[in-house]
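First comes the structure, then the notes that go with it.
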Number of protein chains: 2
Amino acid sequence: MKKTIVVFSLLILALLFLFQLSTYAFISSNLNIEIIIAAIAIVFFFVGIYINKKSLHTPTVSSLEINYNKIKELDLTNREYEVLKKISEGLSNKEIAAALFLSESTIKTHVSNLLVKLNAKRRTQAVQIAMSFQII
Amino acid sequence: MKKTIVVFSLLILALLFLFQLSTYAFISSNLNIEIIIAAIAIVFFFVGIYINKKSLHTPTVSSLEINYNKIKELDLTNREYEVLKKISEGLSNKEIAAALFLSESTIKTHVSNLLVKLNAKRRTQAVQIAMSFQII
DNA sequence: AAATGGGTCATACTTAAGTACCAAAACGCT
DNA sequence: AGCGTTTTGGTACTTAAGTATGACCCATTT
């Protein structure tokens, strides 16, 4: 943050200097106006780069969006998708049942249907496939 | 790419226009020079932002690096880490055994040790934990 | 030479996961 | 009200996963 303040202070000083110079050049006409304009252009060019780097593109640490169309395409129901997310969190069938207030039998049914729809043989593979489809 | 060409073409036209205007203002003195300079500054400011966005920060589509220090910290051996990666790919113990030319017993041993070291109860949880540590 | 750690494999066992099949309640839709 | 789908749950079974324990080989270290 201190660095930002210093940069902006220097920037303001540079701009003031340039504007003074441009006024001087306009009055006395002994300095080429194009050079002044070019200098201002260059300064603002770098200001644009700096602002963009600082404010517009700071975090954005990935975290890709979920492909909801793919979920529909795979014909996953709400419950199946809920179970899939729990599986990806590393929960057992019993734990998922407890988390969703259901019986383990129900979870097994959902998991079985899930594996068919995702064309997976195991829950670990289902997670892998789901990640490749970006649905979790 | 076509969009880039269009943007740059428009940009060059705008700059030519501004420079012509500045020359006109310099000669006839009926346009305030400060306004011209401000216009150029604004244009170059956005040029800076655009250039920065296009060239300096294009890909970076995530794909975070692996935390090898964490692997050492967890005291995972080479074989255990190999098995962990195979688990995360959704392979069964039998499939991992076939892939690494080992017996299923050996894989089970490695998996068991792996779960202890990662403090996981199941292979799915191990994958989850490994991802949170960014070691896979 | 003995201890150590990594890797391999086996047996025996328990628990979890997954399949197949069925059935009923619940819900949305026409 | 009737239809189809979702959701729920059960039984019975097979297969996979995971644990515990012991054993052997091999390379490195003490």
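Here the structure is a predicted model, which is why all the values come from computation and not from measurement. We name chains A, B, ... by the order of the sequence lines, and we start the count at 1 in each one. Any value given below was found using the heavy atoms of this structure, including those in side chains, with hydrogens, waters and symmetry copies removed.
Considering every non-hydrogen atom in both A/A126 and A/L84, the closest pair reads O-CD1, 4.4 Å. Closest approach of B/V111 to B/R123, counting heavy atoms only: CG2-NH2, 4.1 Å. In plain terms, the two heavy atoms of B/I96 and B/L91 that are nearest each other are CG1-CB, 3.7 Å.
Atom P of nucleotide D/dT7 and atom CZ of A/F101 are separated by 17 Å, given to the nearest angstrom. Atom CD1 in B/I96 sits roughly 13 Å away from atom P in C/dT8 (whole-Å rounding). Straight-line distance from the CG atom of A/L100 to the P atom of D/dG9: 11 Å, rounded to whole Å. One interatomic measurement links the two molecules: CG of B/D75 to C1' of C/dG5, which rounds to 10 Å at whole-angstrom precision. When the C1' atom of D/dT19 is taken as reference, atom CD1 of B/I107 falls 16 Å away, rounded to whole Å. For A/N78 and D/dT8, the CG to P distance is 10 Å, given to the nearest whole Å. Here the C1' atom of nucleotide D/dG18 and the NZ atom of B/K117 are 17 Å apart, to the nearest Å.
Under the 4.0 Å criterion applied to side-chain N and carboxylate O atoms, B/K85 and B/E82 are not assigned as salt-bridge partners.
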Annotated protein contacts, base or backbone, on nucleotides 12-24 of chain C with a non-hydrogen cut-off under 4.0 Å, one of B, S, - each: ----SBBB-----
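Within the nucleic acid shown, A/T106 comes within 4.0 Å of at least one base atom, counting heavy atoms only. Across all strands shown, B/S105 has heavy atoms under 4.0 Å from base atoms, whether or not it also approaches the sugar-phosphate.
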Side chain to side chain contact (heavy atoms under 4.5 Å, CB included) between B/R79 and B/L102, intermediate numbers included: CA-CA 11 Å; B/R79 274 307 206 194; B/L102 297 174; 4.0 Å; yes
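The side chain of A/H110 places an N or O atom within less than 4.0 Å of a non-bridging phosphate oxygen (OP1 or OP2) of D/dT8.
Side-chain N or O atoms of A/Q125 include one that pairs as donor or acceptor with a backbone N or O of A/K121 at under 3.5 Å. The main-chain N or O of B/Q134 is never found under 3.5 Å from a side-chain atom of B/K70 such that the two would form a donor-acceptor pair.
You'll find the side chain of A/Y68 reaches within 4.5 Å of the side chain of A/I71, heavy atoms only.
Screening residues 95-115 of chain A for salt bridge (charged side-chain N to carboxylate O under 4.0 Å, His left out) gives A/E95-B/R122 as the qualifying pairs, with residues at least two apart or on separate chains.
Taken over five-pair windows at either terminus, the axes of the helix from C/dA1-D/dT30 to C/dT30-D/dA1 are inclined to one another by 50° (rounded to 10 degrees).
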